[in-house]
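Heads up, the thing below is written out as structure tokens.
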Amino acid sequence: HSMVGDKARGEMNAFQRNESKETLFTFISAGDDPPKGDFPLQKKSPKLCGSNYPLSIAFIVVNEFCERFSYYGMRAVLTLYFLSFFHWDENLSTAVYHAFSALCYFTPVIGAIMADSWLGKYKTIIYLSIVYVVGHLIKSVGAIPSLGNQAVHVVLSMVGLFLIALGTGGIKPCVSAFGGDQFEEEHTSERSKFFSIFYLSINAGSLISTFVTPVLRGDVKCFGEDCYALAFGVPAALMVLALVVFIAGSGLYRKTPPQGNVLLEVCKCIGFALKNRLKNRSPEIPKRDHWLDWASEKYSKQLIGEVKMVTRVLFLFIPLPMFWALFDQQGSRWTLQATKMNSLNSHSFVLQFLNPLLILVFIPIFDFGLYPLINMCKLNFTPIRKMATGMILAGLAFGLAAIIEVKINVSKAQGIPQKYFLSMVYFLPQNPAEYSKLILNGEQQSLHFTLQHQGLTLAFNYTVKEKSVYSLIVFEAEGSLSSRLVSVGVKCKYSINSMAVIFINALSQDVNLTINSRAFFAPLLKTLFFGKFAAVVQAKKDLIFQQLISTWKSEDIKANNVHMAWQLPQYLLISAGEVMFSITGLAFSYSQSPASMKSVLQAGWLLTVAVGNTFVLIVAEAAPMAQWAEFVLFTVLLFAVCIIFSIMGYFYVSVDPEDLEEKEEKRETSSRGNMIGLVTQKTKL
């Protein structure tokens, strides 16, 4: 949706310039040209190959390609990084992923205010790109395993993600608008084509990075494991290149100075109207037609009329975050679902790669095939109906995801092997005496194990021998806890009548383990799904994690028999839903707002994405449930929201902002005429 939003923002800026008109009360937003005569004339940029395209746009397009490569490449492996590098559970990984995504869509408001009110678009892009680069570098350093303990890695990664969110969100509303500023007013057709090229650069960066960075993560090994440092380092290098390319074109750019932010003016107008209305609640005070009319003491009728148009569209935005709550789970819950399916290996990115590809395929199919066909059938397929259809498609996609999750659980329960044939090569600490030992009564003993997990309790007995090392594997099958105790086949150097156990937790969350009344803690280790096992050895004070390299002697233990290709239909549905929902919604909202208010609607649209991601992280943390049940919950919620949105749309009456502006001008002219008449009559009297 970021790519679709980027395209729509490009179209928005072209739309602003085509529909701009002289008004009594003028506001300048990000992407609008300054009023003529107020500023010195900008120098004309050299043309590209003798055309009407300024040479400066080449630097902007290359910059956007590199920046989108940087962002989408980093995000493609982010959930797996949380899961396998930090050993976080699925809920925490999902929550942090969506918190990051939400922050990326809250920060554009900061970038728009900085560009319009303080620094201007050029300096805002430069300064926030530097912040962006620093965030990438910190994120890459935090992925080096040998650098400090896990706390250091987490702190570095979170600081890096915060800076990346500030950078990518801050420049989001500025780059496309800055590109549009490079064209003279008479070259409107060239400007329109520029935004198409700009959009292609966005998708090209996304497609290539979604393919490259997961390969770097899985197929290249560094520090003895998956190379997340390289997977994050390459996007960092591309962001450095993006900044260098953008600065290289500095001498060619047309740079408009900051002119004040229309978003702030709108907020002030709304705030004053509410405050004034609360102060004048007396029944003796005459009522006004609209609550925004209470701002007329301070603000012009022109601004108040435009704010009325904007608030009508923003009211329709209220149900929209639920769509984004489902859509953005492609990078979290759906990726985690893929890790539990066959044919994963290190290539969980394959289906993520499909989404930007399908968007490029579906847009011309819908614009030149489906929509014209519907019009030929004389069906009134309004923008609101298109958006509602997109919601339905996204809901159906999550319904399929729920069905697949149920099949995964059934297959997992039926497919647990009775024996694990493992030959483990591992490294015990140099001084085993430092570790707590399990003391036996003799050469062998039956130990009583008790597991507690999400309200479920499992008690079982296993017979162990002295000087032996075992792997205790715990998992869930058919809704109940199960376990296997496997001898590693290695004799340890412990004293007589002692042994060691390595805990492997294949459950969805941490568990508490008791052995002969002695309590242990077994954290979640999802590396089980990536062909490796992590060993947990109980120490006197801390849990020591040791990486085990497992070799299968006679069989591969696959997650289950459900192939990853079964996810393809849900990706097809949600990609089609995105095209119908996102592009249509932006075009509709822009057509319903005056030219000077386009940036306000852009900010409102981006905030719906942020709110949707916030909702997902709340559900993931506050109400943990079975994954299939969570998918069903989101499906039901989106269908309910779709009904509410359809009802709201039924009562919505489309307007033409230009018609309303003309009526307002006529009303103003009529009022002035009446005042002139009154003055004339008074003079005659």
Could you list the residues that satisfy ring-ring contact (aromatic ring centres under 6.0 Å, His included) with [X], not counting sequence neighbours?
| X | value |
| --- | --- |
| Phe100 | none |
| Phe65 | none |
| His98 | none |
| Phe366 | Phe362, Tyr371 |

Tell me, please, which residues at least two apart from [X] pass side chain to side chain contact (heavy atoms under 4.5 Å, CB included).
| X | value |
| --- | --- |
| Asp289 | Asp293 |
| Ser209 | Phe69, Tyr72 |
| Leu292 | Ile270, Ala273, His290, Ile304, Val307, Lys308, Thr311 |
| Tyr652 | Arg312, Val313, Leu316, Ile384, Phe588, Gln592, Ser654 |

Q. Does the side chain of Arg68 pick up a donor-acceptor pair with the side chain of Thr168 at under 3.5 Å?
A.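 There is such a pair (donor and acceptor under 3.5 Å, judged by atom type) between the side chains of Arg68 and Thr168.
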(Q) Under a 3.5 Å cutoff, is there a donor and acceptor pairing between the side chains of Glu67 and Tyr132? (A)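 Yes, a side-chain donor-acceptor pair sits under 3.5 Å.
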(Q) Quick check against the 3.5 Å criterion: does Ser582 have a side-chain atom that pairs as donor or acceptor with the backbone of Glu578? (A)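 Not confirmed, Ser582 side chain does not pair with Glu578 backbone.
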Q. Are Phe327 and Trp324 an aromatic pair by the rule of ring centers under 6.0 Å?
A.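 Centroid distance Phe327-Trp324: below 6.0 Å, so yes.
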**Q.** Distance flag, aromatic centroids of Trp294 and Phe272, threshold under 6.0 Å
**A.**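 No, they do not, as the ring centres are separated by 6.0 Å or more.
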Q: Please name all residues satisfying side chain to side chain donor-acceptor pair (under 3.5 Å) with Thr635, sequence neighbours left out, ordered by chain then number.
A: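 Not a single residue meets the side chain to side chain donor-acceptor pair (under 3.5 Å) criterion with Thr635.
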Q.
So, using side chain to side chain donor-acceptor pair (under 3.5 Å) as the criterion, who are the partners of Ser157 when residues are at least two apart?
A.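 Applying side chain to side chain donor-acceptor pair (under 3.5 Å) to Ser157 gives Tyr81.
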Q.
Filter on salt bridge (charged side-chain N to carboxylate O under 4.0 Å, His left out), then keep only pairs touching residues 624-653, sequence neighbours left out; what's left?
A.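 Qualifying pairs: Arg333-Glu630.
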Q) Applying side chain to side chain donor-acceptor pair (under 3.5 Å), which residue pairs with at least one partner in residues 389-406 are found, sequence neighbours left out? A)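 Sorted result for residues 389-406: Gln337-Glu405, Lys340-Glu405.
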